[in-house]
2 protein chains.
Amino acid sequence: MVTSTTILDRAHEIFDAHLGVNKLRRTPERFAILKEVYECDDHFDIESLYTSMKEKKYRVSRATLYNTMELLLDCELVRKHRFGEQQAHYEKSLHHKQHDHIIRTDTGEVIEFCDPRIQNIKATLEDIFDLEISHHSLYFYGTPRGKQKEKV
Amino acid sequence: MVTSTTILDRAHEIFDAHLGVNKLRRTPERFAILKEVYECDDHFDIESLYTSMKEKKYRVSRATLYNTMELLLDCELVRKHRFGEQQAHYEKSLHHKQHDHIIRTDTGEVIEFCDPRIQNIKATLEDIFDLEISHHSLYFYGTPRGKQKEKV
DNA sequence: TTGGGTGCAAATTCTTTGCAATCTC
DNA sequence: GAGATTGCAAAGAATTTGCACCCAA
């Protein structure tokens, strides 16, 4: 048996520090939400987060969820996505290797991948346009071979 | 003086064919919208399209705009974006060299760029995951050097 | 003529806001 | 205690839908 620091612990520290530095309050809701987010291994939206917390008898309002997600975005503990639908999706991002996504257009399934060439492109762009690029979003959309939509 | 085929002409042909093949009606609204879209050199949203058509005395309902954009997306005459806000943005896409975008996080300004390595990444992914990738969306977010946000 | 398309307004969906009550600091 | 934060419900913004009327085929 070993004592170990989990990713949630680490996230908790970062969040705690962020709250401290920005003089924000350490409310139980905020930490409960962080925990829920970090216990989820998938992408999720506000509604499903709301539901799963409610099921676990931890009731927070949607307003608080939206608020807290903003804080978590600020300290980069979560990432926000718009896969194309209306609603935003989120995923935890700490110690989660930088990656991008492929969205299956037939099922909506999300595949993660990692390609170093994206960093090269980023570096090139920073040089060409004299920019500081903070982040990016990249999605490829497709279907398994031999299973493309047979649209007219 | 020469007779030439404009991009709008070509788009018109493609749209016309698409409507024909799918047994959809060639209504004046649809062509008016196509024209408006192709006369716009920027990215736009439904609301601004609605307004600019209204100003030109061509009144179409928002519902028709949304409908028609779907058709134009189907035949790839426009591309749809979600730069991060709620509302979707569109841009004409015919004869518009494949490109991606950099969004300035300070001003919202959109810079277009083109990098062939993206096609390489796409090809790699298709091989690895045995997929047929139909399209992608890539955005880099950043600010000019020496002008980053000074957030705590 | 006839079913697809249009406009309008109402309905939905997702997110934000206002405000009284509550809880950190 | 003071002021930030919460929950709730109402407001907003973007998009979709229902339906009577209209028009392209």
Side-chain angles (χ1 to χ4, degrees), chain A residues 12 15-37 43-54 56-75 78 80-90 108 152, chain B residues 12 15-37 43-54 56-75 78 80-90 108 152:
Chain A
H12 194 291
F15 194 29
D16 194 85
H18 179 79
L19 294 176
V21 171
N22 293 75
K23 306 205 192 326
L24 300 166
R25 295 188 174 169
R26 289 169 241 260
T27 67
E29 288 80 3
R30 288 180 174 166
F31 291 110
I33 292 167
L34 177 72
K35 183 162 184 286
E36 188 64 30
V37 166
H43 301 85
F44 57 88
D45 54 36
I46 294 292
E47 200 55 32
S48 63
L49 188 58
Y50 178 76
T51 307
S52 75
M53 290 190 77
K54 184 145 76 172
K56 290 174 187 167
K57 309 165 210 345
Y58 203 106
R59 197 161 205 310
V60 283
S61 69
R62 271 170 267 255
T64 300
L65 288 175
Y66 280 108
N67 280 338
T68 304
M69 294 314 286
E70 282 309 303
L71 299 179
L72 294 175
L73 282 169
D74 286 345
C75 52
V78 306
K80 181 174 182 175
H81 300 283
R82 296 216 98 124
F83 292 134
E85 324 91 59
Q86 305 263 85
Q87 80 203 344
H89 283 242
Y90 301 85
V152 185
Chain B
H12 194 291
F15 194 30
D16 194 85
H18 180 78
L19 295 176
V21 171
N22 292 77
K23 307 208 190 326
L24 300 166
R25 294 191 176 168
R26 291 170 237 261
T27 67
E29 287 82 2
R30 289 180 173 165
F31 290 110
I33 292 167
L34 176 72
K35 181 160 185 285
E36 189 64 29
V37 166
H43 302 84
F44 57 88
D45 55 34
I46 294 292
E47 201 53 32
S48 63
L49 188 58
Y50 178 74
T51 307
S52 76
M53 289 188 76
K54 184 144 78 172
K56 290 176 188 167
K57 310 166 209 341
Y58 203 106
R59 200 163 202 308
V60 283
S61 69
R62 270 170 267 256
T64 300
L65 288 175
Y66 280 108
N67 280 339
T68 304
M69 294 315 283
E70 283 309 304
L71 298 180
L72 293 176
L73 282 168
D74 286 345
C75 51
V78 306
K80 182 175 181 173
H81 301 283
R82 296 218 99 123
F83 291 134
E85 324 91 58
Q86 304 263 86
Q87 81 203 339
H89 283 243
Y90 300 84
V152 183

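Below, chains carry the letters A, B, ... as their sequence lines are ordered, and counting in each starts from 1.
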Side chain proximity check, A/I46 to A/Q87, heavy atoms < 4.5 angstrom: no

Backbone of A/L49 reached by a side-chain donor or acceptor of A/S52 within 3.5 Å: yes

Side-chain N or O of B/T27 closer than 4.0 Å to phosphate OP1/OP2 of D/dC23: no

With A/H89 via ring-ring contact (aromatic ring centres under 6.0 Å, His included) - residues at least two apart: A/F83

Nucleotides bounding contact with chain A, strand DNA chain C, heavy-atom threshold 4.0 Å: C/dC14 to C/dC25

Contact list for DNA chain C against residues 28-37 of chain B - heavy-atom distance below 4.0 Å: B/E29, B/R30

Validation row: A/E47, A/R62 side chains within 4.5 angstrom (heavy atoms): yes

Residues that B/E36 engages under salt bridge (Lys or Arg N to Asp or Glu O under 4.0 Å), provided they are two or more places apart: B/K56

Along DNA chain D (nearest heavy atom to each residue), the more 5'-positioned of B/L24 and A/T64: A/T64

Nucleotide-resolved protein contact map, nucleotides 12-21 of chain D, B/S/- at heavy-atom distance under 4.0 Å: --SBBB----

Modelled atom types, side-chain donor and acceptor of B/T64 and B/N67, under 3.5 Å: no

Rounded distance in Å - CG (A/L71) to P (D/dA4): 14 Å

Student check: side-chain heavy atoms of A/F31 and A/L19 closer than 4.5 Å: yes

Heavy-atom side-chain contact between A/F44 and A/V37 under 4.5 Å: yes

Beyond-backbone contact of A/E85 with B/R82, side-chain heavy atoms, under 4.5 angstrom: no

Rounded distance (Å) that lies between atom C1' of D/dC23 and atom CZ of B/R25: 7 Å

Salt bridge (Lys or Arg N to Asp or Glu O under 4.0 Å) involving B/K80 - partner list, sequence neighbours excluded: none

